Amino acid sequence: MTDTVSPTGPIPDAVFATCRAVLFDLDGTIADTAPDLVAAVNKMRRGRGLPAVPLQRLRPLASAGARGLLGGAFGIGPHDPDFSAMREEFLAHYEADLCIDTTLFDGIRPLLDALSARGIQWGIVTNKVERLALPLVARLGLGASAGCVIGGDTTPYPKPHPAPLLLAAQQLGIAPTSAVYIGDDLRDIEAGKAAGMLTVAAAYGYCGSDVAPSNWGADHVVETTTELQRLFGIMSQ
């Protein structure tokens, strides 16, 4: 691979020769949403007279959403009797301050622009519910260019079920086998493989699983967004 790659040139890696679309997870893959997610759960703790939990302690749990953050901050899970009410409280706090400190990861916007310049569609498939995912994508300035935004409640089954990815492929008018899916959680890779897509593990993300990204079974693993750019033949400027 050369040191400079034209943003309108072909994808150099032969693996991507038939790639017609690139699909991304949202939290921990395209955007660093952890600061606002952790702020929401810490608001709950303060309301109960508890000290805030440091961001870095809860950050790895951010890809698991309310389940992960409530588990990390309060030690409860979906089977606890108070979980449903606390989940709604958490979501209300998060929705009220949805995009305060959330940012795109460095290198993501140039990657998306380069994919679009090459005529490769891209979209987002997340387990974040639509009422949060759609406005967040819009506030990040991606709503007009994303080919699709599939939320955790868009289909009856969230990831790791392949249904959300299969719907994304349908909306983009492509075969699932001509798409690449990129995510920072084991269930992203499981969903992508079940959908017949090429998979990329974003090891720069939250990666909250006890299993290392190198053991997720992804076709590729990238440690940084620069590596992700290079995987698609797009070099950092």
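It should be emphasised that the depicted structure is a prediction, and the values quoted were computed from it without experimental measurement.
Under the 4.5 Å side-chain heavy-atom criterion for ILVMFWY residues, a single connected hydrophobic cluster contains both Leu165 and Ile174. Hydrophobic clustering, with ILVMFWY side chains joined whenever heavy atoms are under 4.5 angstrom apart, keeps Val222 apart from Tyr181. Under a hydrophobic-cluster definition in which Ile, Leu, Val, Met, Phe, Trp and Tyr are linked whenever side-chain heavy atoms come within less than 4.5 Å, directly or via other members, Met197 and Val22 are assigned to different clusters. Linking ILVMFWY side-chain heavy atoms closer than 4.5 Å, directly or via other members, places Val221 and Ile108 in two distinct hydrophobic clusters. Under a hydrophobic clustering in which Ile, Leu, Val, Met, Phe, Trp and Tyr are joined whenever their side-chain heavy atoms come within less than 4.5 Å, directly or via other members, Val149 and Tyr157 fall into different clusters.
Proximity of His93 to Asp97: side-chain heavy atoms (C-beta onward) are nowhere separated by under 4.5 Å. Side-chain contact between Ile150 and Gln171 is present, with at least one heavy-atom pair separated by less than 4.5 Å. Within the 4.5 Å cutoff, the side chain of Val211 has heavy atoms near those of the Trp216 side chain. Taking 4.5 Å as the limit, some side-chain heavy atom of Asp113 sits within range of a side-chain heavy atom of Arg109. Using a 4.5 Å heavy-atom threshold, the side chains of Leu142 and Ile30 count as touching. Between Val38 and Val53, every side-chain heavy-atom pair lies at or beyond the 4.5 Å cut-off. A heavy-atom distance below 4.5 Å is found between the side chains of Asp32 and Arg59. In this structure, the side chains of Phe232 and Ile120 stay at 4.5 Å or more apart for every pair of heavy atoms.
For the pair Ala52 and Asn42, the tightest heavy-atom approach, listed with the atom from each and the gap, is CA-OD1, 3.4 Å. Between Ala168 and Cys148 the shortest heavy-atom distance is CB-SG, 3.7 Å. Between Gly217 and Ile189, the shortest heavy-atom distance links the atoms C-CG2, 4.1 Å. Among all heavy-atom pairs drawn from Ser63 and Tyr206, the shortest one is OG-CD1, 3.3 Å. Of all heavy-atom pairs between Ser116 and Trp122, the closest is OG-NE1, 3.3 Å. Nearest heavy atom pair, residue Leu58 against residue Gly72, reads CD2-C, 3.7 Å.
Arg45 places a side-chain N or O within donor-acceptor distance of the main-chain N or O of Ala73, the cut-off being under 3.5 Å. The backbone N or O of Asp36 sits nowhere less than 3.5 Å from a side-chain atom of Asp101 that would complete a donor-acceptor pair. Looking at Thr224, its side chain does come within 3.5 Å of a backbone N or O of Glu227 through a donor-acceptor pair. Within the 3.5 Å criterion, the main-chain N or O of Gly107 finds a donor-acceptor partner in the side chain of Gln229.
How far CG of Leu69 is from CZ of Phe90: 5.0 Å, rounded to the nearest 0.5 Å. Going from atom CZ of Arg20 over to atom CG of Leu172 covers 9.0 Å, rounded to the nearest 0.5 Å. In this structure, the separation between CG on Leu23 and OG1 on Thr199 is 12.0 Å, given to the nearest 0.5 Å. Rounded to the nearest 0.5 Å, atoms CG (Asp25) and CG (Asp188) are 4.0 Å apart. Note that CD1 of Ile182 is 4.0 Å distant from CZ of Phe24, once rounded to the nearest 0.5 Å. Here the CG-SG distance, from Leu198 to Cys19, works out to 8.0 Å after rounding to the nearest 0.5 Å.
Cation-pi geometry between Arg48 and Phe74 is met: the NZ or CZ atom falls under 6.0 Å from the ring centre, inside 45° of the normal.
Electrostatic pairing of Arg87 and Asp80 does not count as a salt bridge here, judged by no charged N lying under 4.0 Å from a carboxylate O.
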For this session: Test Thr29 against Asp184 for side-chain hydrogen bond (donor to acceptor under 3.5 Å, both in side chains), laying out the working first.
Result: CA-CA 6 Å; Thr29 301; Asp184 70 313; 3.3 Å; yes

Only distances under 3.5 Å count here; give the side-chain donor-acceptor pairs of residues 124-140 to other protein atoms, sequence neighbours excluded, each with its distance to 0.1 Å.
residue	atom	partner	partner atom	Å
Thr126	OG1	Lys128	N	2.9
Asn127	OD1	Lys159	N	3.0
Asn127	ND2	Lys159	O	3.0
Lys128	NZ	Asp27	OD2	3.0
Lys128	NZ	Tyr94	OH	3.0
Glu130	OE2	Thr154	OG1	2.6
Arg131	NE	Glu95	OE1	3.1

